[in-house]
S.K.: 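One structure, as structure tokens, below. Some questions next.
Keep in mind that the numbers below use all heavy atoms, side chains included, and drop hydrogens, waters and symmetry copies.
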Amino acid sequence: MSAYTSQFNLHSSQPLSNSLTPIERKLVVLTQSGLPVIPKPFEWLAEQLQVSLAETLVIIQQLQQRGVIRRIAAVPNHYRLGYRYNGMTVWDVTDSQANLLGKRIAQLPFVSHCYLRPRHLPEWPFNLFAMIHARKQATMENYRSQIRDVLGKAYQSDDVLVSSKILKKTGLRLLP
């Protein structure tokens, strides 16, 4: 588990490497694999950058304000925590209600992320996606049932895409 990770905005209109100052780039390189699991990771970062903690926090805040860093968060390894049933549930939901219902689904404690995507008919009728994590298959099925209850009459059909391997789980990587 990383203590904290930064997520960098890959959707910016400017190339990331051209928009960073040298110290910002160094910060990105130092944090792209996560901060160390230590009591004061931002002080460690300040030491690595050879600036004060306050200056480090300002740099991070400015990167967030510019949308370069989306968030800083702990990222647990859910496989090591025993969550073996990780599934992207996909739902065919009435378009006029999909946004409102998606917000409700995103509030469920077992949903890690939820978003809307366009349908690709006739092969792919699903427009609402919700990632769920469970330790047992029965629990995952129970979670799907709870989502169906929230969706009510707006729900047409669903499926679940269950993870079988982690192929890649990293963010952007810059060369030092």
S.K.: Give a yes or no on whether Met88 and Val111 share a hydrophobic cluster (residues Ile, Leu, Val, Met, Phe, Trp, Tyr; joining criterion: side-chain heavy atoms under 4.5 Å apart).
M.R.: no
S.K.: Can you find a pair of side-chain heavy atoms, one from Ile147 and one from Phe110, that are under 4.5 Å apart?
M.R.: yes
S.K.: What ring pair (Phe, Tyr, Trp, His ring centres under 6.0 Å) pairs are there with at least one residue in residues 52-77, not counting sequence neighbours?
M.R.: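 As it turns out, there is no ring pair (Phe, Tyr, Trp, His ring centres under 6.0 Å) pair with a partner in residues 52-77 once direct neighbours are skipped.
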S.K.: Do Leu116 and Leu121 sit in the same hydrophobic cluster, where Ile, Leu, Val, Met, Phe, Trp and Tyr count as joined when their side-chain heavy atoms come under 4.5 Å apart?
M.R.: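 Not linked; separate clusters.
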S.K.: Does Gln61 reach the main-chain N or O of Val58 with its side chain, forming a donor-acceptor pair under 3.5 Å?
M.R.: no
S.K.: With sequence neighbours excluded, what pairs up with Asp92 under the salt bridge (charged side-chain N to carboxylate O under 4.0 Å, His left out) test?
M.R.: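 Residues passing salt bridge (charged side-chain N to carboxylate O under 4.0 Å, His left out) with Asp92: Arg119.
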S.K.: Name all pairs fulfilling the salt bridge (charged side-chain N to carboxylate O under 4.0 Å, His left out) condition that reach into residues 42-62, sequence neighbours left out, sorted by first residue then second.
M.R.: none
S.K.: Starting from Tyr85, can I reach Val90 by hopping between I/L/V/M/F/W/Y residues whose side chains sit under 4.5 Å apart?
M.R.: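 Per the 4.5 Å side-chain linkage, Val90 and Tyr85 are not co-clustered.
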S.K.: Considering residues at least two apart in sequence or located in another chain, which fulfil the salt bridge (charged side-chain N to carboxylate O under 4.0 Å, His left out) criterion with Glu141?
M.R.: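 Salt bridge (charged side-chain N to carboxylate O under 4.0 Å, His left out) list for Glu141, sorted by chain: Arg144.
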S.K.: What's the verdict on side chain to side chain contact (heavy atoms under 4.5 Å, CB included) for Leu45 and Ile60, showing C-alpha distance, side-chain angles and the deciding distance?
M.R.: CA-CA 11 Å; Leu45 184 57; Ile60 291 170; 4.1 Å; yes
S.K.: Is Gln65 atom CD crowded by more than 12 heavy atoms from other residues, nucleotides or ligands, each under 6.0 Å away?
M.R.: yes
S.K.: Would you confirm whether Arg66, through its side chain, and Ser19, through its main-chain N or O, come within 3.5 Å as a donor-acceptor pair?
M.R.: yes
S.K.: Check the hydrophobic clustering (I, L, V, M, F, W, Y; side-chain heavy atoms under 4.5 Å; chains of links allowed) and say if Val162 and Trp91 are grouped together.
M.R.: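 Hydrophobic grouping puts Val162 with Trp91.
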S.K.: Any heavy-atom pair between the side chains of Leu101 and Thr94 that's under 4.5 Å?
M.R.: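 Thr94 does not reach Leu101 side chain to side chain.
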S.K.: Are the side chains of Trp44 and Leu30 in contact, using a 4.5 Å heavy-atom criterion?
M.R.: yes
S.K.: Any side-chain to backbone donor/acceptor pair from Thr31 onto Gly34? Under 3.5 Å, distance only.
M.R.: no
S.K.: Hey, what else clusters with Leu81 if you join Ile, Leu, Val, Met, Phe, Trp, Tyr whenever side-chain heavy atoms sit under 4.5 Å?
M.R.: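 Cluster partners of Leu81: Tyr83.
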S.K.: Is the shortest heavy-atom distance from the side chain of Ile105 to the side chain of Thr89 under 4.5 Å?
M.R.: no
S.K.: For Ser52, does its backbone N or O pair with a side-chain atom of Thr56 as donor and acceptor, under 3.5 Å?
M.R.: yes
S.K.: Run the side-chain donor-acceptor check on residues 122-132: report pairs under 3.5 Å with partners two or more places apart or on a different chain.
M.R.:
| unit_1 | atom_1 | unit_2 | atom_2 | d |
| --- | --- | --- | --- | --- |
| Trp124 | NE1 | Phe126 | O | 3.4 |
| Asn127 | OD1 | Val93 | N | 2.9 |
| Asn127 | ND2 | Val93 | O | 2.8 |
| Asn127 | ND2 | Asp95 | OD1 | 2.8 |

S.K.: Hydrophobic clusters here meaning ILVMFWY residues chained together by side-chain heavy-atom distances under 4.5 Å, can you tell me if Leu100 and Tyr155 are in one?
M.R.: no
